[in-house]
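One structure is given below, encoded as structure tokens.
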4 protein chains.
Amino acid sequence: MDTREDLVPGDTGSWRHYGATTLPKALAAALDAFAERGYDGTSIREVASRAGLSVPGLYHHYPSKQALLVSLTTTVMRELLERSRQALAEAGPTPSEQFDAVVESLLRFHMFRRNQAFVASTEMRSMEPASRAAFVALRDEQQRMLDRIVEEGVAAGEFSTRYPEDASRAVTTMCVAVASWYHPDGPLSPDEIVTRYLAIARCTVGAR
Amino acid sequence: MDTREDLVPGDTGSWRHYGATTLPKALAAALDAFAERGYDGTSIREVASRAGLSVPGLYHHYPSKQALLVSLTTTVMRELLERSRQALAEAGPTPSEQFDAVVESLLRFHMFRRNQAFVASTEMRSMEPASRAAFVALRDEQQRMLDRIVEEGVAAGEFSTRYPEDASRAVTTMCVAVASWYHPDGPLSPDEIVTRYLAIARCTVGAR
Amino acid sequence: MDTREDLVPGDTGSWRHYGATTLPKALAAALDAFAERGYDGTSIREVASRAGLSVPGLYHHYPSKQALLVSLTTTVMRELLERSRQALAEAGPTPSEQFDAVVESLLRFHMFRRNQAFVASTEMRSMEPASRAAFVALRDEQQRMLDRIVEEGVAAGEFSTRYPEDASRAVTTMCVAVASWYHPDGPLSPDEIVTRYLAIARCTVGAR
Amino acid sequence: MDTREDLVPGDTGSWRHYGATTLPKALAAALDAFAERGYDGTSIREVASRAGLSVPGLYHHYPSKQALLVSLTTTVMRELLERSRQALAEAGPTPSEQFDAVVESLLRFHMFRRNQAFVASTEMRSMEPASRAAFVALRDEQQRMLDRIVEEGVAAGEFSTRYPEDASRAVTTMCVAVASWYHPDGPLSPDEIVTRYLAIARCTVGAR
DNA sequence: TATGAATGAGACTTCATTCAT
DNA sequence: AATGAATGAAGTCTCATTCAT
């Protein structure tokens, strides 16, 4: 059920590293389908067929369509948070360094986990209340992590924005949006995208 | 088919003014439903019921569910473009002034037409190829309008961003995202949001 | 409501003459549609549209879809019977002469009223019981007219068939079937078809 | 897909033998319903109910209403052709013997497969183009088989008709029509009907 | 573990028909 | 005499889900 390589706490920089996702084939099939056609636009038969399973075969692994969505989306915010925390933990003490670390983490995640991230944010409304609440809570926590850094950066005179909370949200927004257009075969490498967006994000909060 | 008050070309500032939307009730019902539950998640019964019509009554006015979506989404980008063009036309000659005008236009539009804008961007994948292509073309044109301004701003030394195209997209992204959280009853007035996001957007491109 | 030129009793040979059908446009539209797609396969909208009427406009003239069918089919057998009777009345006294007259009448009718004849026989099952019964009664009467002639021909030694009733039905069948393939633009003229089928029909009952 | 007992090539006279049809119950239900009310007049619910299935249960076996029709009609002409070919193969060398064989085959088929034959010819217009074309091709082949025999019979001086092609079609027509009135509980046994119609058909082509 | 068969509910859409205007 | 608008019922088909095997 756990879909990612474990992040070893002591392993410096491991938050930057993304192996090939190793989702169980049923989840991988659901992910692709949901990303392409949306939750409501995807039938359980479509998922089963993409997974090379019969419909009851699929139900043997997951009790419902909703369970597939939940399985796909609950992990994803947890992983993002964990990676961001690790990035933060390894960053230097200044808000600028911390800002860079968390933004880079956001960016990489939305490139390497773009489908999961995209489906999770798109299909929030299709989640049952409990799962949605859990998801929202994690997402807010992630947002607050960046908010706090921006706030501290302003307090420390490192960032000059007059609207720290809005700027922080704007930064998150632009990082999240990467998931909706980034493609591994595109013209820009992940590293290049990180370079550019980091520069832009710093401007957004008025760094330096 | 035209759902908004006409923008009078000579009427200075009319791009800033948004009257109450006067969508036909069937379209209004579809819009609300699509915004809440998505295109695939909305049944034609739901739309009819919200519109106070029987199902065949709804079909009397619109020949298909897809037609409702198309009706809703084709107008919306056209209106945004028209307003942005008007804002640009009325703006002063400097890239900074033009940037402010177009960004403000984007912001206001995504607040006052938030549902239409939201549905259009969310349900692109549910549109039939022809409608989707038309929509994408208009959206790209809108994006290029801002791209050009940012580029000129950089050339003129008014903007300092090293990545004009990416910064321009980031600005659009943050403006568009307003549609997904803004609510008239929220704590911030549209004017206040314009003030804040304009400041942030200027920073993003490294204005002044 | 009466759809054919009147057959003047004293007008010799008028049973052979078919003017252009002068059905009211609604009936003409229904006839074409029923012939092409069948009664159940035709919608009232299709009929109205072919007739150049609005749907309520059509209902103003005919109270129901069934009424269109009834209007189309009740007249048709009546006309056939009338023409056959006239042909018979004008024929000479021998069974052979009478057989020829009635068969020719059947043939011409199924060429010049082919759509009506086709729809009437095809859509019997779509008629309400009363209309169907009336139609069947007339059809049986038409059949018995030929049966009697064949029987008399056999009694008179003019026909040699051992199965007069079956042969009579076979002759009717082949004449009726003409409606399903004859076309005015086809290679054979009505007169030529009459010549050929009359010869064949005579053989079928073993004439001479 | 094959719905009849196999015709064993070497089994003399097997073209005369018709066991009880063993259509899958869904097809049998569709056949009865189509025969009674026509394709367009039959709802899928009606078929399912006659078959003792729920509607989705029916769709589990056949993907569409059209598929039911196609399944019913494609086999039928193939079987007729096969039986006619076998009858022809077993017949003596003279056109008269061959004529008798093929006509008897036509007659028996339209008695023992009367519903299939009836539906196939009645619902040609309801078939999708591809299936219709296939059906027409087979039907034409069957017709040409008889045409050739009649032609040869005329050439050999065994038949005296002056219009071989038309007479051949007339014979086919009367045989096909048997399907629309024959009923196992009727007064005439199949053998008796064969006797009578064979005599009549011979007359029609002017045999001997 | 996997599957063919099944189903109640509901999807979109069209039907014949009516009625106020 | 004609029409725009409306509707209850029914059309074909697909949904997520279950169960015997």
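The structure displayed is predicted, hence computed values, not measured ones. Each chain gets a letter, A, B and so on, in the order the sequences are listed, and its residues count up from 1.
The only option from B:Asn115, B:Val47, B:Leu27 that meets the side chain to side chain contact (heavy atoms under 4.5 Å, CB included) definition with B:Asp32 turns out to be B:Asn115.
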### Task
Could you please spell out the steps behind the side chain to side chain contact (heavy atoms under 4.5 Å, CB included) verdict for A:Glu36 and A:Arg50?
CA-CA 12 Å; A:Glu36 272 178 42; A:Arg50 284 188 195 233; 3.1 Å; yes
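When each of E:dA6, E:dT17, E:dA9 is scored by its nearest atom to the side-chain atoms of D:Pro56, the top-ranked nucleotide is E:dA9.
One interatomic measurement links the two molecules: CG of C:Leu53 to C1' of F:dG4, which rounds to 16 Å at whole-angstrom precision. For C:Tyr39 and E:dC15, the OH to C1' distance is 12 Å, given to the nearest whole Å. Rounded to whole angstrom, the span from the CD atom of A:Glu46 across to the C1' atom of F:dT14 amounts to 13 Å. Nucleotide E:dG10 holds its P atom 18 Å from the CD1 atom of A:Ile44, rounded to whole Å. In this structure, B:Leu58 atom CG and E:dT14 atom P are separated by 12 Å, rounded to whole Å. Separating the OH atom of B:Tyr59 from the P atom of F:dA6 is a distance of 16 Å, rounded to the nearest angstrom. C:Leu68 places its CG atom 9 Å from the P atom of E:dT17, with the value rounded to the nearest Å. In this entry the distance linking CZ of D:Arg45 with C1' of E:dT7 reads 13 Å, nearest Å.
Figure legend. E:dA2 is base-paired to F:dT21; pairs are counted as Watson-Crick or G-U wobble with both atom distances under 3.5 Å. Remark: E:dA9 base-pairs with F:dT14. Criterion, Watson-Crick or G-U wobble with two distances under 3.5 Å.
With rounding to the nearest 0.5 Å, the separation of CG in C:Leu80 from CD in C:Gln116 is 11.5 Å.
Each of D:Val55 and C:Ser54 was matched to the nucleotide of DNA chain F holding its nearest heavy atom; the match closer to the 5' end belongs to C:Ser54. Nearest-nucleotide positions on DNA chain F for A:Pro63 and B:Lys25 put B:Lys25 closer to the 5' end. A residue-by-residue look at A:Gly57 and C:Lys65 shows that A:Gly57 has its nearest nucleotide of DNA chain E further toward the 5' end.
By the 4.0 Å N-to-carboxylate-O rule, C:Glu123 lies too far from C:Arg132 to be salt-bridged with it.
A:His60 comes within 4.0 angstrom of the backbone, heavy atoms only, and of no base. Within 4.0 Å of C:Ser43, counting heavy atoms only, lie sugar-phosphate atoms of the nucleic acid but no base atom.
OP1 or OP2 of E:dG4 has not a single side-chain nitrogen or oxygen of D:His61 nearer than 4.0 Å.
Nearest approach of D:Ala26 to D:Leu68, heavy atoms of both residues: O-CD2, 4.5 Å.
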